[in-house]
Number of protein chains: 2
Amino acid sequence: MTSTEPQAQQSGVRPTKQRLAVAAALEATAGFHSAQEIHEQLGGSVGLATVYRTLTMLADAGDVDMMRNEDGEAIYRRCSGTHHHHLVCRSCGHTVEVEGPAVERWTNAIAAEHGYADVSHTLEIFGTCRDCR
Amino acid sequence: MTSTEPQAQQSGVRPTKQRLAVAAALEATAGFHSAQEIHEQLGGSVGLATVYRTLTMLADAGDVDMMRNEDGEAIYRRCSGTHHHHLVCRSCGHTVEVEGPAVERWTNAIAAEHGYADVSHTLEIFGTCRDCR
DNA sequence: ACACTTTTGACAATGGTTCTCATGCTGAGT
DNA sequence: ACTCAGCATGAGAACCATTGTCAAAAGTGT
Ligand SMILES: [Zn+2]
Ligand SMILES: [Zn+2]
Ligand SMILES: [Zn+2]
Ligand SMILES: [Zn+2]
């Protein structure tokens, strides 16, 4: 390995102002938001295609959480890095992050019991919050 | 009350041949299928719109289970009437219905604890089955 | 057969998401 | 600071699952 070899020029994920804007928008707002909502919230200053691309990247990188609402639309939210689930208000969207060791244990046990490996799961809880009652 | 009064003529959900065909298609095949797949499986003998309408009805009536694949598309499957969840193989799609009283209890408790009412939830477990390992 | 309601299906219309590609920027090297 | 290759952007087209429209077809009770 020649020491002169440049570090392969690692492609690059550039911190462009658009990407920063999308990330900031997620920081600024609570709850889950669709790509279109973020696009609007930014006053259209960031192209819709770019918003979609950025959100997909962030989600793949694990920096944001992506889930689907009941209509199957993708919605995103800045989340803590640890594994958790959501309790979402059907009416106002207010979201609470919840953890459930019991559930994690249960899913793993059930999966193992049936011979399934590489287990993952999705769990979302929907309801109507106090303020919307 | 005049005896001539017809019993309110209760509209009716007619067991048309199209509806029966869709239901039969679900019976015949294992695993989850999209509306379009069912439409094709029926050789287009049942209009796509009708397939969609029928599946929606069946799902609302609780006769079939609807979930969304990772692309957000709706997929349906004939299921037992009781509330349950699925353990799905990412590779071959083989599905196992699982029940988890503990999970049900946990979600309700968590929701109540945070003041949420009318609670519902979605929980799917993904993994690789023994045959696909 | 008649009057009336439900259902169907071809096709149009929606709407979220992705693709295209010409143009804009960035950044490393000079 | 200047250059150039390549990543990034965005306007709009393209996709595609799903829903809406509505006239024709089928079913129901009399
Ligand atoms: Zn609420
Ligand atoms: Zn979990
Ligand atoms: Zn399998
Ligand atoms: Zn459950």
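So that the names make sense, note that chain A is the first sequence line, chain B the second, and so on, each numbered from 1.
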>> Counting only side-chain heavy atoms from C-beta out, which of D/dG10, D/dT9, C/dT7 sits nearest to A/T16?
In response: D/dT9
> Are B/V98 and A/T107 close enough that some pair of their side-chain heavy atoms sits under 4.5 Å apart?
Replying inline: no
> For DNA chain D, whose closest nucleotide is more 5', that of B/P15 or that of B/L48?
Replying inline: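 On the 5' side of the pair lies B/L48.
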Can you tell me the distance, in whole Å, between the [atom1] atom of [X] and the [atom2] atom of [N]?
X: A/I75; N: C/dT17; atom1: CD1; atom2: P; answer: 10 Å
X: B/E70; N: C/dT18; atom1: CD; atom2: P; answer: 14 Å
X: A/N69; N: D/dA17; atom1: CG; atom2: P; answer: 18 Å
X: A/D71; N: D/dT18; atom1: CG; atom2: C1'; answer: 11 Å
X: B/E37; N: D/dC16; atom1: CD; atom2: P; answer: 15 Å
X: B/K17; N: C/dT8; atom1: NZ; atom2: P; answer: 10 Å
X: B/R14; N: C/dT6; atom1: CZ; atom2: P; answer: 7 Å
X: B/L58; N: C/dT7; atom1: CG; atom2: P; answer: 13 Å

>> Could you walk me through whether A/R77 and A/E27 satisfy the salt bridge (charged side-chain N to carboxylate O under 4.0 Å, His left out) test, starting with their C-alpha distance in whole Å, then the side-chain angles of each, then the deciding distance to 0.1 Å, before giving a yes or no?
In response: CA-CA 8 Å; A/R77 178 181 193 240; A/E27 290 291 345; over 6 Å; no
>> The test is salt bridge (charged side-chain N to carboxylate O under 4.0 Å, His left out); show your working for A/E70 and B/R68 and say whether it passes.
In response: CA-CA 9 Å; A/E70 295 181 336; B/R68 293 185 180 280; over 6 Å; no
Answer with yes or no whether the side chains of [Y] and [X] bring together a donor and an acceptor at under 3.5 Å.
X: B/H121; Y: B/H83; result: yes
X: A/T56; Y: A/R53; result: no
X: B/E97; Y: B/S80; result: yes

Residue pair [X] / [Y]: nearest heavy atoms and the distance that separates them:
X: A/A25; Y: A/L42; answer: CB-CD2, 4.1 Å
X: A/R90; Y: B/A117; answer: NH2-O, 4.2 Å
X: B/Y116; Y: A/C89; answer: CE2-N, 3.5 Å

Contacts under 3.5 Å, N or O only, protein and nucleotides 20-22 of chain D:
none

> Which distance, rounded to the nearest 0.5 Å, do you find between the OG1 of A/T95 and the CG of A/L87?
Replying inline: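 A/T95 atom OG1 to A/L87 atom CG measures 8.0 Å (nearest 0.5 Å).
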> If you fit an axis to the five pairs at each end of the helix from C/dA1-D/dT30 to C/dT30-D/dA1, how big is the angle between those two axes, to 10 degrees?
Replying inline: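 Taking five pairs per end, the axes differ by 30°.
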>> Angle between ring planes, A/H86 versus A/F32, binned at 30° and 60°: parallel, tilted or perpendicular?
In response: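 Plane angle over 60°, so perpendicular.
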Please list each protein N or O that sits under 3.5 Å from an N or O in nucleotides 14-16 of chain C, with the distance.
{"unit_1": "C/dG16", "atom_1": "OP2", "unit_2": "A/Q36", "atom_2": "NE2", "d": "3.4"}
{"unit_1": "C/dG16", "atom_1": "O5'", "unit_2": "A/Q36", "atom_2": "NE2", "d": "3.3"}

>> Let me spell it out: for each of B/T50 and A/Y76, pick the nucleotide of DNA chain C with the closest heavy atom. Which residue's pick is nearer the 5' end?
In response: B/T50
> Within the structure shown, what part of the strands sits under 4.0 Å from B/S45 by heavy-atom distance: base, sugar-phosphate, or nothing?
Replying inline: sugar-phosphate
> What nucleic acid atoms does B/T56 come within less than 4.0 Å of, heavy atoms only: base, sugar-phosphate, or nothing?
Replying inline: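 Contact class for B/T56: none.
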>> When you measure from the side-chain N and O atoms of A/R19 to the phosphate of D/dA8, is any distance below 4.0 Å, counting only OP1 and OP2?
In response: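 A/R19 to D/dA8 OP1/OP2: side-chain N or O found under 4.0 Å.
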> Any side-chain N or O of A/Q18 less than 4.0 Å from the OP1 or OP2 oxygen of D/dA8?
Replying inline: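 No, outside the criterion.
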>> Walk me through whether A/H33 and A/H39 qualify under ring-ring contact (aromatic ring centres under 6.0 Å, His included).
In response: CA-CA 10 Å; A/H33 302 279; A/H39 173 245; over 10 Å; no
